[in-house]
Undergrad: 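Quick one: the structure is below, and I'll ask about it shortly.
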Amino acid sequence: MGVMIKKPTDVPGSAAPAILIGLFVSFGGILFGYDTGTIGGILAMPYWRDLFSTGYRNPEDGNLDVTPSQSSTIVSLLSAGTFFGALTAAPMADLLGRRLGMIASVGVFCLGVILQTVATAIPLFVAGRFWAGYGVGLISAIIPLYQSETAPKWIRGAVVGCYQLAITIGLLIAAIVDNATKDRNDTGSYRIPIAIQFAWAIIMVVGMLILPDTPRYWIKVGKHAKAARSLSRLRRLDVDHPALVEELAEVRANHEYEMSLGKASYLDIVKGTVGKRLATGCLLQGLQQLTGVNFIFYYGTSFFVNAGINNAFTVSVITGVVNVVSTLPGLYLVEKWGRRPLLLFGAVGMFVCQYIVAIAGTVDPDNPATNKVLIAFVCIYIFFFASSWGPVAWVVTGELFPLKVRAKCLSITTASNWLLNWAIAYATPYMVNSGPGNANLQSKVFFVWGTFCLICAFFVWALIYETKGLSLEQVDELYSKCSKAWQSKGFRPTVSYAEVQEVRGSVGGRHASLADIEADAGRKRSVAHIDGGEKGYGSEKAAYDV
């Protein structure tokens with residue numbers, strides 16, 4: 001990745017430690033992806049269906065099976081758990097720190113894995129799904145937070161995007177393991193795929209025991225010496241190196257500036273520019289789910305079987321491979337193209353593929369050639385998703401928020417992802433399947449996902465700001481100075497928070513007027529831009545008395 005995206009010549013030190021640490025933390029995405037991916041194959045395993053059946057027989061083949069209602073509950077309970085886990089990630093990450101918060105999250109996840117492994121009936125299996133989901137929800141909010149707070153700005157997008165790459169690898173491994181155990185006529189058919197998750201958990205915990213917490217977390221809790229040591233380790237610079245001192249001073253000054261405007265409760269974060277950013281993040285994460293990608297990975301095997309495709313497990317492995325490989329160009333393009341162009345590219349591409357699949361499956365569903373079209377364009381659709389909306393949604397939400405509210409806001413945006421994930425997982429069997437009370441959409445469901453992809457394109461144009469190449473602190477300036485997302489591409493930061501704090505301290509503190517600050521600074525540009533004072537870029541006061 002460092003070869004593909006060259007380190008700027010004016011950046012001192014080494015980015016290798018921060019990149020390697022960010023990549024390792026991405027490993028938590030394997031827990032997310034693998035746990036999400038295993039259930040689709042397990043639901044189609046003959047032994048599991050027979051063992052967990054409560055007497056219902058599948059009308060397609062007459063065999064014992066779980067009902068559509070039970071299937072939707074089993075799949076969606078993971079997402080319900082992740083929703084609540086994501087919401088509680090903020091207090092955990094702020095109380096324990098980002099590093100210890102991830103370790104605790106893995107512990108909760110392991111509880112869920114234990115319950116699923118020992119289960120032989122639906123109630124205990126469902127309970128395990130919930131607690132595994134709770135742990136995944138915690139992890140899914142804390143990992144992008146950790147990555148965004150440690151990665152250098154010139155490669156932050158690629159590093160955070162690796163979280164999605166790990167998710168796709170987890171999904172692929174799940175498909176491979178399910179395919180390997182599906183024909184076993186014992187509890188090993190489902191227990192082996194589930195118990196393998198202990199290996200991912202052990203690797204994650206051992207690694208997190210030796211990694212540093214983020215410099216921004218230490219600044220947030222007032223431990224500046226620890227922040228300096230952490231940043232020194234990440235940048236491979238001495239704690240007294242001018243570049244390290246400058247970067248740390250900027251983070252500290254930005255946080256002090258934010259805190260001088262007052263603390264932010266959950267009620268406060270829905271107001272002003274932070275509220276705008278929070279709404280953007282929630283909509284982005286929700287729309288990522290409404291593109292329909294998890295329909296493929298939750299119910300893809302069953303869908304391909306019902307569509308008459310032979311070797312549906314093999315097709316799921318193929319889609320998993322496409323998902324992994326297609327994420328790689330996205331990690332490069334997120335820094336080469338930027339966030340907005342890549343998201344627009346993905347939304348339009350997904351829209352076209354979804355409609356082709358829907359039309360082909362509706363017009364001539366019994367034609368063998370239709371099955372080939374379904375598989376081909378589902379794979380192309382996955383390419384567009386995996387190279388754009390998959391990684392970039394996590395990148396953008398990781399960059400949006402000020403330090404003092406970052407954990408709270410990220411937990412809420414991630415919870416939005418899981419809320420829609422749950423809704424789709426629960427509703428899909430009723431949307432797709434035949435029988436009383438079901439919509440029997442079959443391939444027509446892709447019209448629904450495709451329409452949402454079109455909405456995604458408009459959403460990106462209207463609300464997604466271009467944050468490529470900006471530090472997390474400079475994103476605050478971007479939102480205060482630029483009121484329209486489509487104008488953000490030309491934004492260039494001009495304000496240093498360290499200068500702002502210095503000037504404010506020398507001319508009367510936070511109540512100094514703009515004229516006093518400009519006179520003291522001896523420069524023409526207005527540092528009050530940070531409060532949105534420039535004409536055309538907001539309505540807040542053009543002074544520091546806020």
Side-chain angles (χ1 to χ4, degrees), residues 83 86 140-141 144 148 157 160-161 163-164 269-296 327 330 333-334 337-355 358 381-401 409-424 427 445-468 470 475 478-479 482-491 538:
F83 172 75
S140 65
S148 64
V160 178
Y163 176 52
Q164 176 67 22
I269 64 177
V270 299
K271 302 175 182 177
T273 60
V274 175
K276 176 181 178 179
R277 290 187 249 183
L278 181 60
T280 300
C282 290
L283 287 169
L284 178 64
Q285 290 283 17
L287 285 170
Q288 187 205 51
Q289 291 301 307
L290 288 169
T291 61
V293 67
N294 277 328
F295 167 74
I296 302 298
T327 305
L333 293 174
V334 71
W337 285 4
R339 284 56 164 160
R340 277 174 60 87
L342 189 52
L343 287 171
L344 282 169
F345 164 79
V348 173
M350 289 189 292
F351 162 73
V352 173
C353 292
Q354 300 270 28
Y355 265 65
Y381 154 74
I382 291 172
F383 162 78
F384 280 109
F385 175 86
S387 62
S388 59
W389 279 75
V392 180
W394 298 105
V395 172
V396 171
T397 53
E399 296 173 337
L400 280 177
F401 306 110
C409 291
L410 267 178
S411 72
I412 293 172
T413 59
T414 306
S416 301
N417 180 297
W418 287 114
L419 179 64
L420 268 297
N421 191 309
W422 168 82
I424 292 167
V445 75
F446 285 94
F447 281 123
V448 177
W449 311 138
T451 301
F452 276 112
C453 290
L454 192 61
I455 294 172
C456 286
F458 176 77
F459 165 78
V460 172
W461 176 81
L463 287 173
I464 296 297
Y465 282 65
E466 184 54 69
T467 52
K468 178 173 76 79
L470 300 179
V475 172
L478 166 67
Y479 269 88
C482 190
S483 61
K484 297 178 175 62
W486 55 88
Q487 297 174 343
S488 61
K489 185 178 179 180
F491 169 79

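What you see is a predicted model; the values in this text were computed from it and never measured. Throughout, numbering of the chain's residues begins at 1 and tracks the sequence.
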Undergrad: Flag the pair P341 / K489 as yes when at least one side-chain heavy-atom distance between them is below 4.5 Å, and no otherwise.
TA: no
Undergrad: Mind listing the closest non-hydrogen atom pair of R340 and S488 along with its distance?
TA: CD-OG, 4.0 Å
Undergrad: Nearest 0.5 Å please: distance from the CG atom of L410 over to the OG1 atom of T397.
TA: 5.5 Å
Undergrad: With the side chain counted from C-beta on, respond yes when L333 and V392 share a heavy-atom pair under 4.5 Å apart, and no when they do not.
TA: no
Undergrad: Between A393 and Q288, what is the shortest heavy-atom contact and its length?
TA: CB-NE2, 3.6 Å
Undergrad: Distance-only check: which donor-acceptor pairs under 3.5 Å involve side-chain atoms of residues 445-461, not counting sequence neighbours?
TA:
unit_1: T451; atom_1: OG1; unit_2: Y355; atom_2: OH; d: 2.9
unit_1: T451; atom_1: OG1; unit_2: F447; atom_2: O; d: 2.8

Undergrad: Are K484 and Y465 close enough that a side-chain donor and a side-chain acceptor fall under 3.5 Å?
TA: no
Undergrad: Is there a donor-acceptor contact under 3.5 Å from the side chain of Q285 to the main chain of I412?
TA: no
Undergrad: Run the numbers on R339 and E399 for side-chain contact (heavy atoms from CB on, under 4.5 Å), then give the verdict.
TA: CA-CA 11 Å; R339 284 56 164 160; E399 296 173 337; 2.4 Å; yes
Undergrad: Suppose we call two aromatic rings close when their centres sit under 6.0 Å apart. Are Y163 and W394 close by that rule?
TA: yes
Undergrad: To the nearest 0.5 Å, what is the distance between CD1 on I269 and CG on L278?
TA: 5.5 Å
Undergrad: For residues Y479 and V274, determine if any side-chain heavy atom of one lies less than 4.5 Å from a side-chain heavy atom of the other.
TA: no
Undergrad: Could you check whether any side-chain heavy atom of W389 comes within less than 4.5 Å of a side-chain heavy atom of L287, counting everything from C-beta outward?
TA: yes
Undergrad: OG1 of T413 to CZ of R277: how many Å apart, nearest 0.5 Å?
TA: 13.0 Å
Undergrad: Between atom CG of L343 and atom CG of L284, what is the distance when rounded to the nearest 0.5 Å?
TA: 6.5 Å
Undergrad: Are F384 and F345 close enough, and set up right, to give a side-chain contact (heavy atoms from CB on, under 4.5 Å), and what steps lead you there?
TA: CA-CA 8 Å; F384 280 109; F345 164 79; 3.4 Å; yes
Undergrad: Looking at every heavy atom in both Y381 and T291, which two are closest together, and how far apart are they?
TA: OH-O, 2.9 Å
Undergrad: If you measure from CD on Q354 to CZ on F295, what distance do you get to the nearest 0.5 Å?
TA: 9.5 Å
Undergrad: Give, for atom NZ of K468 and atom CG of L342, the distance between the pair rounded to the nearest 0.5 Å.
TA: 12.0 Å
Undergrad: Do you know which two heavy atoms are closest between S388 and G346, and how far apart they sit?
TA: OG-CA, 3.1 Å
Undergrad: What pair of heavy atoms forms the shortest contact from A86 to S411, and how long is it?
TA: O-CB, 2.8 Å
Undergrad: Checking side-chain contact (heavy atoms from CB on, under 4.5 Å) for the pair F83/N421: CA distance, chi angles, key distance, verdict?
TA: CA-CA 9 Å; F83 172 75; N421 191 309; over 6 Å; no
Undergrad: Just so I know, are the side chains of S387 and T327 near enough to count as touching, which here means a heavy-atom distance under 4.5 Å?
TA: no
